[in-house]
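For reference, positions follow the sequence shown, starting with 1.
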Amino acid sequence: QAQLVESGGGLVQAGDSLRLSCAGSERTFSRYTMGWFRQAPGKERKFVASIISSGAFTKYEDSVKGRFTISRDNAKNTVYLHMNNLNPEDTAVYYCATSLRVGLGYRPSDYDYWGQGTQVTVSS
């Protein structure tokens with residue numbers, strides 16, 4: 001079973017940047033689509049971004065387009081989420097996930113393994 005560990009969260013001010021990392025334990029990490037989701041208190045877990053195994057194609061939720069960038073380093077079994085121009089609405093627990101399915105999944109049900117999450121808090 002794949003294990004995923006997120007890191008890089010924290011407390012920042014509006015307009016700041018953060019880079020989240022997600023390290024995978026599986027040797028086959030490079031074969032899988034990876035995604036980032038976030039969940040604010042009292043709300044459903046929502047899609048943020050996804051990237052296919054090769055890194056050639058990505059998908060973003062509309063509110064983060066132009067501000068967030070997903071990338072991966074398969075040699076390091078790591079996927080990243082670069083977040084720029086953060087605002088208080090970005091405050092949430094951020095989760096990375098692995099999908100065993102082909103394509104750029106955007107639903108939580110498209111993903112099979114999840115990390116424990118990392119908190120991102122943006123103050124105004």
Would you name the heavy atoms of Ile51 and Arg72 that are closest together and state the gap between them? O-NH1, 3.5 Å

Phe68 and Trp36: ring pair (Phe, Tyr, Trp, His ring centres under 6.0 Å), yes or no, with the steps? CA-CA 11 Å; Phe68 291 10; Trp36 284 98; 9.9 Å; no

So do the side chains of Ser99 and Tyr111 get within less than 4.5 Å of each other, counting heavy atoms only? yes

Considering only heavy atoms from C-beta outward, does the side chain of Trp114 approach that of Leu4 to under 4.5 Å? no

Is a side-chain donor or acceptor of Asn74 paired with a backbone partner of Ser54 at a separation under 3.5 angstrom? no

Heavy-atom closest pair, residues Thr118 and Gly9: OG1-N, 3.2 Å

same_hphob_cluster(Tyr94, Ile70) at 4.5 Å side-chain heavy-atom cutoff: yes

More than 12 non-hydrogen atoms from neighbouring residues, nucleotides or ligands closer than 6.0 Å to CZ on Arg31, yes or no? no

Donor-acceptor under 3.5 Å (Thr33 side chain, Leu104 main chain): no

Has Gln119 got more than 12 heavy atoms of other residues, nucleotides or ligands less than 6.0 Å from its CD? yes

Check the hydrophobic clustering (I, L, V, M, F, W, Y; side-chain heavy atoms under 4.5 Å; chains of links allowed) and say if Leu20 and Leu86 are grouped together. yes

Establish whether Tyr106 and Phe37 are linked, either directly or via other cluster members, by ILVMFWY side-chain heavy-atom contacts under 4.5 Å. yes

Which atom names give the shortest non-hydrogen contact between Val122 and Thr91, and what distance separates them? N-OG1, 2.9 Å

